[in-house]
Every structure is written in structure tokens, then in C-alpha cells.
Amino acid sequence: MKAVIQNEFGDSGVLQLVDVESPKIDEDEVLIQTAYTSVNYADIKSRKGNKGKGKFPFTLGLDVAGTIVEAGKSTGFDVGDRVIAFPIGGSYSEYVKANKQLTYKIPESLSFEQSAAMPTVSILSYILLHEIGQVRKSDTIVVHSGAGGVGSMLIQLAKLAGVETIIATVGNLSKEDYVKRLGADHVCTYDVFADEVLRHTSGQGAHVIFDSVAGDVTSRSLECLVLYGTLVQFGNSSGSAGHFTTSDVHSSCRNVKGFSLGTTRKHRPEVLAPAAEKVIDLFASGKVTLPIAKIFDLSEAAQAHDLIESREYEGKVLIRA
């Protein structure tokens, strides 16, 4: 089968399309013929070596949408089932294998394109909003990186849940219309967001702030977080660690919560199924959607990465196997 591999860390030029052996499955795994996979910012970090050491060669990719072509006897799946999954060993390939606990059926009414756009960002967003942030309808929330995949999903899910005020940050105001169409009430850039949040909340601050950027954004988020508010930290796309002092937390009764989908896939995969079922239903019913920025072929994985790194896109970038 064809797969994209890399033998070293580096820029997008290290990605190579080669012939490799198809995966062999165990009794609790399924073999999936890939229709589409999505490109996530975590792929960029892994390619560069920013997520730890790699055992070369390896294949990138967190999620997949496709059709089961072989099912282990204890999986409960059948050949021909349409699924999304978090596969073992990457997803930039024509076939992938996945554990049954990280594989979820999708209905015929849901296209493979939309299905491929959703697993990482929508399951993560649902858990962040409802379980980690525990957002209420009366809250004012801030969604950093509102035009990205997770940001796009968080805004839609918050709007669907009836959240009163949604403030989104973007790197460039050219994305303002897009983010407002998703459901954001106010959109601002990173350099002014703390002041804008305080202005829109009469100086009180936001109740929940979702931060995947870290760096200076983290400390400035605490400047505009209401007393007893919650900062949800789930990434560091800036490449820098965020910093705060203990007095920022205890004296104001604020909470800082962290969440990693990757850690949860590894250590508590069973807890993802309820969220997966919820978002599959939401997508199938048309209540939420994810715009597809562009679709690349496997041979164009490097170009897909270049587009992600340019940040000149809205929605999700997919790779067609």
C-alpha cells in the first residue's frame, strides 16, 4: 500500500510517499481502507520533532474516515462498516488499523469528507465544552484561535448549547466574518483581546477561556478571567509555554484545567465513546458542520502541511487516500 513516511525531523520536505506493508490486525482491531484523513496542528509538531523523539520511519495522522475491510473476531464490527477512528501508527496511508475502543460507526447519511474532518476536533471540543469547562448558558466564554479546527467546532457547539456570549480571537481580522458565521458574537485579535473581553463584560472578565495557544496568551487570559472563572489549557500552538503564578489562581479563586486528547486516547480510550456518539449525531443531523478548506492527495501531504503552517485557511484540511 501507499503511505507517507518520514525518516527525519524537519520541514514539509521530509514527507515521502512510499510503498509499505499493509498493517496486520489482532482480534481486537479492525483494518480500515482510508477514504480521507485530516491534517491537525499536532501533525506539524510531530513532523518537526516538537512532541518528543520519534522512531523512524513513522507515519503521521491522528484520525481517519473509511470502510472496514477486515475485522478482528472480538471487535463487534463487520466488513463494510463505515467508521471514523483514531488509528494505530498514523493515518496518512491507504490502509490503517485501529483498536475497537477507538473506532466508531458512522451513518450512511454522513459523507466521508465531513466524517474525516470531525474526529479529533469535534470529540475534543465536545469534551472541553461540556466536561472540562462545564460551560453554562449564562456564561461569557473566550475561544482562542477561533478560525482553526477546534475553534470552529467549539464556537458551533457553544452556540448550539445556548451560551450567552462567545468571544473569539484570530490572528488576522480577515477571518472575522468566517468566525461570526460560525456563531461568535465578538471577534478580536490576540494583541487586544484582554481589553476587549473586559470591555464586553463591564470589567468583570470571561467565565471560561479555552486556550490552545499558550505563551503570552495564557498570562493575558488570566488578566481577563472573572473571579471563580476557569482557564482551560489544551495546547501550545505558539510553541512557548504559558506562565502564571500561584497567586493568580488562589487569591482569585480561579481554576486552571488541562486536557489532552492524545493522553486520553492512550490511557482512558473508553471515555471517548459517549462524546463520539454525540458529535456523530450532531453532524448527521446537520446541526453542526465543518467547512473543508482544501483536499489534497496523499502525494501532496507536504503541500497540506505548508497550508496549515501558513494559517491562511479556514476550517479543516483533508488528505484523500
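Just so we're clear, the structure is a prediction, and the values are computed from it rather than from any experiment. Computation of the quantities below employed the complete heavy-atom set of this structure, encompassing side-chain atoms and omitting hydrogens, waters and symmetry-equivalent molecules.
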- Report the residues that fulfil salt bridge (charged side-chain N to carboxylate O under 4.0 Å, His left out) with Lys45, sequence neighbours left out, ordered by chain and then residue number. none
- Angle class for the Tyr190/Phe193 ring planes (parallel below 30°, perpendicular above 60°, tilted otherwise)? perpendicular
- Query: Mind checking whether Leu261 and Thr120 have side chains closer than 4.5 Å, heavy atoms only?
  - Reply: yes
- Query: Considering only heavy atoms from C-beta outward, does the side chain of Tyr92 approach that of Val39 to under 4.5 Å?
  - Reply: yes
- Without swapping roles, check the side chain of Thr140 against the backbone of Thr165 for a donor-acceptor pair under 3.5 Å. no
- Message: Determine whether a donor-acceptor pair (N or O, by modelled atom type, separation under 3.5 Å) exists between the side chain of Gln6 and the backbone of Arg47.
- Response: yes
- Item | Any residue meeting salt bridge (charged side-chain N to carboxylate O under 4.0 Å, His left out) with Glu8, in chain and number order, not counting sequence neighbours | none
- Query: Taking only residues two or more places apart in sequence or in another chain, which ones pass salt bridge (charged side-chain N to carboxylate O under 4.0 Å, His left out) with Lys180?
  - Reply: Glu176
- Judged by atom type as modelled, is there a donor-acceptor pair below 3.5 Å linking the side chain of Thr189 to the main-chain atoms of Gly171? no
- Task: Return the minimal non-hydrogen interatomic distance between Ala85 and Pro87, and the atom names on each side.
- Result: O-CD, 3.4 Å
- Message: Is it the case that the side chain of Asp139 and the backbone of Arg136 share a donor-acceptor pair, with hydrogens and angles ignored and the cut-off at 3.5 Å?
- Response: yes
- Start with the C-alpha distance between Asp63 and Thr37, add both sets of side-chain angles, then the distance that settles side-chain contact (heavy atoms from CB on, under 4.5 Å), and finish with yes or no. CA-CA 6 Å; Asp63 50 30; Thr37 180; 4.0 Å; yes
- Is there a side-chain contact between Phe58 and Asn7, using heavy atoms and a 4.5 Å cut-off? no
- What's the shortest heavy-atom distance between Ser138 and His207, and which atoms? O-CE1, 4.2 Å
Which side-chain N or O atoms in residues 272-287 pair as donor and acceptor under 3.5 Å with protein atoms at least two apart or in another chain?
from	atom 1	to	atom 2	distance (Å)
Ser285	OG	Asp281	O	3.0
Ser285	OG	Leu282	O	3.1

- Task: Would you check if Ser91 and Phe86 make a side-chain contact, meaning some heavy-atom pair closer than 4.5 Å?
- Result: no
- Quick one: list whatever passes side-chain contact (heavy atoms from CB on, under 4.5 Å) with Ser260, sequence neighbours left out. Thr263
Under 3.5 Å, side-chain donor or acceptor atoms of residues 313-321 against the rest of the protein: list the pairs with distances, not counting sequence neighbours.
from	atom 1	to	atom 2	distance (Å)
Lys316	NZ	Asn40	OD1	2.8
Arg320	NH1	Asp297	OD1	2.7

- Query: Looking only at atom types and distance, does a side-chain atom of Asn99 sit under 3.5 Å from a main-chain N or O of Glu29, one as donor and one as acceptor?
  - Reply: no
- Message: Is there a side-chain contact (heavy atoms from CB on, under 4.5 Å) between Thr169 and Val143? Walk through the geometry before answering.
- Response: CA-CA 6 Å; Thr169 62; Val143 178; over 6 Å; no
- Task: Sorted by first residue and then second, give each side-chain hydrogen bond (donor to acceptor under 3.5 Å, both in side chains) pair with at least one member in residues 217-229; sequence neighbours left out.
- Result: His144-Ser221, Asp211-Thr218
Side-chain donor-acceptor pairs under 3.5 Å in residues 12-25, sequence neighbours left out?
from	atom 1	to	atom 2	distance (Å)
Ser12	OG	Asp306	OD1	2.8
Asp19	OD1	Lys2	NZ	3.3
Asp19	OD2	Lys2	NZ	3.4

- Message: Within the structure provided, determine whether Gln156 and Leu182 are in side-chain contact (heavy-atom separation under 4.5 Å).
- Response: yes
- Item | For Pro269 against Gln101, the heavy-atom pair lying closest together | CG-OE1, 3.5 Å
- Message: With ring pair (Phe, Tyr, Trp, His ring centres under 6.0 Å) as the rule and sequence neighbours excluded, what pairs involving residues 246-268 come up?
- Response: none
- Report the C-alpha separation of Val163 and Lys137 in whole Å, then their side-chain angles, then the decisive distance to 0.1 Å, and conclude whether the side-chain contact (heavy atoms from CB on, under 4.5 Å) test is met. CA-CA 4 Å; Val163 175; Lys137 289 184 177 181; 5.9 Å; no
- Lys51 backbone acceptor or donor facing Ser46 side chain under 3.5 Å: no
- Task: Determine, for Lys257 against Glu131, whether the closest basic-nitrogen to carboxylate-oxygen distance falls under 4.0 angstrom.
- Result: no
- Say you draw a straight line from CD1 of Ile88 to OG1 of Thr59; how long is it, rounded to the nearest 0.5 Å? 13.5 Å
- Where the side chain of His186 meets the backbone of Ile167, is there a donor-acceptor pair that is under 3.5 Å apart? no
- Message: Applying side-chain hydrogen bond (donor to acceptor under 3.5 Å, both in side chains) as the test, list every pair that has at least one member in residues 104-116; sequence neighbours left out.
- Response: Tyr36-Glu113, Gln114-Thr289
- Message: Within the structure provided, determine whether Val256 and Val249 are in side-chain contact (heavy-atom separation under 4.5 Å).
- Response: yes
- Message: Given 3.5 Å as the limit, does a donor-acceptor pair link the side chain of Glu309 with the main chain of Arg311, or not?
- Response: no
- Query: Do Val213 and Asn236 come within less than 4.5 Å of each other through their side chains, counting heavy atoms only?
  - Reply: no
- Message: A side-chain contact here means heavy atoms from C-beta on lying under 4.5 Å apart; do Met153 and Val288 qualify?
- Response: yes
- Item | Derivation of the side-chain contact (heavy atoms from CB on, under 4.5 Å) call for Ile127 and Ile132 | CA-CA 6 Å; Ile127 291 172; Ile132 310 301; 4.0 Å; yes
- Message: If I take atom OG from residue Ser237 and atom CD1 from residue Ile308, how far apart are they, to the nearest 0.5 angstrom?
- Response: 12.0 Å
- Task: Taking salt bridge (charged side-chain N to carboxylate O under 4.0 Å, His left out) as the test, write out the residues that go with Asp185, two or more places apart.
- Result: Lys159
Show me the side-chain donor-acceptor pairs of residues 64-79 shorter than 3.5 Å, one per line, residues at least two apart or across chains.
from	atom 1	to	atom 2	distance (Å)
Ser74	OG	Glu27	O	2.9
Thr75	OG1	Gly72	O	2.8
Thr75	OG1	Phe77	N	3.2

- Item | Smallest separation among heavy atoms of Leu307 and Ser310, with atom names | O-OG, 2.7 Å
- Task: Rounded to the nearest 0.5 Å, what's the gap from CD1 on Ile84 to OG on Ser38? Could you check?
- Result: 10.5 Å
- Note on the structure: dist Tyr41:OH -> Asn50:CG (nearest 0.5 Å) comes out at 8.0 Å
